[in-house]
Amino acid sequence: MAEQRERTFIMVKPDGVQRGLVGEIIQRFEKKGFKLVALKFTWPSEELLQNHYSDLASRPFFPGLVKYMSSGPVVPMVWEGLNVVKTGRQMLGATNPADSLPGTIRGDLCIQVGRNIIHGSDSVESANKEIGLWFTEKEVVGWTPAAENWVYE
């Protein structure tokens, strides 16, 4: 399975932290069979968030996004597994919770796009960039869960 593994960056936003949804979100990824390899609880700086969302810098909502994301603590995580970027995005649901299907994180747990509780990388390339912004190499832990043979062929 080693050649098929990829990593994604998932972050519970301030509204998800404030609402006490971190555990449920982690549980959903664990139940799916993905492996948590990095996690922290932090209050991000505006500078870090401007770097993280740099692709949105020209959008009119950018200043409000940075202000909101720096308004409280977040929980950035790195998850590993087969097709974890694509599958993770499917698990999150559409950016606008009103367009998210029941069973997705956003479809089940939130209502408005401005408070959509979670961020997920949209490609392997952006995942690598985001992981590098939020975690040092030493903070991402390689390990093998005992159940791995029951998740992967």
Side-chain angles (χ1 to χ4, degrees), residues 3-142:
E3 68 280 356
Q4 300 167 338
R5 283 196 188 146
E6 62 187 29
R7 290 180 173 166
T8 195
F9 178 81
I10 300 292
M11 178 171 49
V12 181
K13 296 178 178 181
D15 55 320
V17 172
Q18 292 290 337
R19 293 180 53 204
L21 298 174
V22 175
E24 178 164 346
I25 290 166
I26 290 171
Q27 187 178 45
R28 286 182 182 222
F29 278 84
E30 286 182 330
K31 281 184 175 181
K32 184 69 175 175
F34 294 129
K35 178 172 65 172
L36 182 63
V37 296
L39 174 141
K40 64 172 88 170
F41 184 79
T42 186
W43 198 313
S45 68
E46 287 190 12
E47 181 182 351
L48 174 58
L49 293 163
Q50 288 168 349
N51 283 333
H52 178 88
Y53 289 112
S54 61
D55 59 320
L56 303 173
S58 63
R59 306 291 292 269
F61 60 81
F62 181 74
L65 174 62
V66 171
K67 182 180 178 188
Y68 164 65
M69 288 297 296
S70 63
S71 70
V74 298
V75 179
M77 301 175 272
V78 180
W79 289 90
E80 184 177 281
L82 179 64
N83 296 317
V84 70
V85 172
K86 179 180 178 185
T87 304
R89 293 282 289 191
Q90 291 171 337
M91 290 171 63
L92 267 56
T95 301
N96 185 343
D99 299 330
S100 294
L101 296 173
T104 65
I105 292 169
R106 291 178 178 141
D108 290 348
L109 303 175
C110 55
I111 296 170
Q112 286 188 309
V113 70
R115 298 290 184 265
N116 67 4
I117 70 172
I118 194 163
H119 166 84
S121 299
D122 61 5
S123 68
V124 173
E125 295 76 23
S126 65
N128 291 334
K129 174 190 170 244
E130 293 168 350
I131 292 166
L133 279 173
W134 291 85
F135 293 95
T136 66
E137 195 172 309
K138 288 183 178 184
E139 291 175 309
V140 180
V141 179

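Numbers here simply count residues along the sequence, with the first being 1.
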Margin query: Restricting to side-chain contact (heavy atoms from CB on, under 4.5 Å), what partner residues turn up for Ile111, sequence neighbours left out?
Written below: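 Ile111: no side-chain contact (heavy atoms from CB on, under 4.5 Å) contacts found.
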Rounded at 0.5 Å granularity, tell me how far [atom1] in [X] sits from [atom2] in [Y].
X: Lys32; Y: Gln90; atom1: NZ; atom2: CD; value: 8.0 Å
X: Leu133; Y: Leu49; atom1: CG; atom2: CG; value: 10.0 Å
X: Glu80; Y: Thr8; atom1: CD; atom2: OG1; value: 11.5 Å
X: Phe29; Y: Leu92; atom1: CZ; atom2: CG; value: 5.5 Å
X: Phe135; Y: Met77; atom1: CZ; atom2: CE; value: 8.5 Å

Notebook entry, point to check: Does any N or O in the side chain of Asp108 come within less than 3.5 Å of the main-chain N or O of Gly103, such that one atom is a donor and the other an acceptor?
Noted result: yes
Notebook entry, point to check: When you measure from the side chain of Ser100 to the backbone N and O of Ala94, does any donor-acceptor pair fall under 3.5 Å?
Noted result: yes
If you take all heavy atoms of [X] and [Y], which pair is closest and at what distance?
X: Glu6; Y: Lys86; value: OE2-N, 4.3 Å
X: Asn116; Y: Asp15; value: N-OD2, 3.5 Å
X: Trp79; Y: Ile10; value: CD1-CG1, 3.8 Å
X: Leu101; Y: Thr104; value: O-OG1, 2.7 Å
X: Lys13; Y: Tyr68; value: CB-OH, 4.1 Å

Answer whether the closest heavy-atom distance between the side chains of [X] and [Y] falls below 4.5 Å.
X: Val22; Y: Val17; result: yes
X: Met11; Y: Trp134; result: yes
X: Arg7; Y: Val140; result: yes
X: Thr95; Y: Arg106; result: yes
X: Pro73; Y: Thr42; result: no
X: Pro14; Y: Met69; result: yes
X: Pro97; Y: Val113; result: yes
X: Val12; Y: Leu21; result: no

Next item on the list: List for me each residue that meets side chain to side chain donor-acceptor pair (under 3.5 Å) alongside Ser121, sequence neighbours excluded, and say none if there are none.
Entry: Glu130
Margin query: Over 60° means perpendicular and under 30° means parallel, so tell me whether His52 and Phe9 are parallel, tilted or perpendicular.
Written below: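 Tilted: the ring planes of His52 and Phe9 meet at 30° to 60°.
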Item checked: Lys40 NZ: over 12 foreign heavy atoms closer than 6.0 Å ->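 Atom NZ in Lys40 is crowded, with more than 12 foreign heavy atoms closer than 6.0 Å.
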Notebook entry, point to check: Within 45 degrees of the axis of the six-membered ring of Phe34 and under 6.0 Å from its centre: does Arg28 put its NZ or CZ there?
Noted result: no
Next item on the list: List the steps, then state whether side-chain contact (heavy atoms from CB on, under 4.5 Å) holds for Val74 with His119.
Entry: CA-CA 10 Å; Val74 298; His119 166 84; over 6 Å; no
Margin query: Listing request: all ring-ring contact (aromatic ring centres under 6.0 Å, His included) pairs with a residue in residues 88-116, at least two apart in sequence or in separate chains.
Written below: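 Sorted pair list comes back empty.
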Next item on the list: Start with the C-alpha distance between Leu109 and Ile118, add both sets of side-chain angles, then the distance that settles side-chain contact (heavy atoms from CB on, under 4.5 Å), and finish with yes or no.
Entry: CA-CA 10 Å; Leu109 303 175; Ile118 194 163; over 6 Å; no
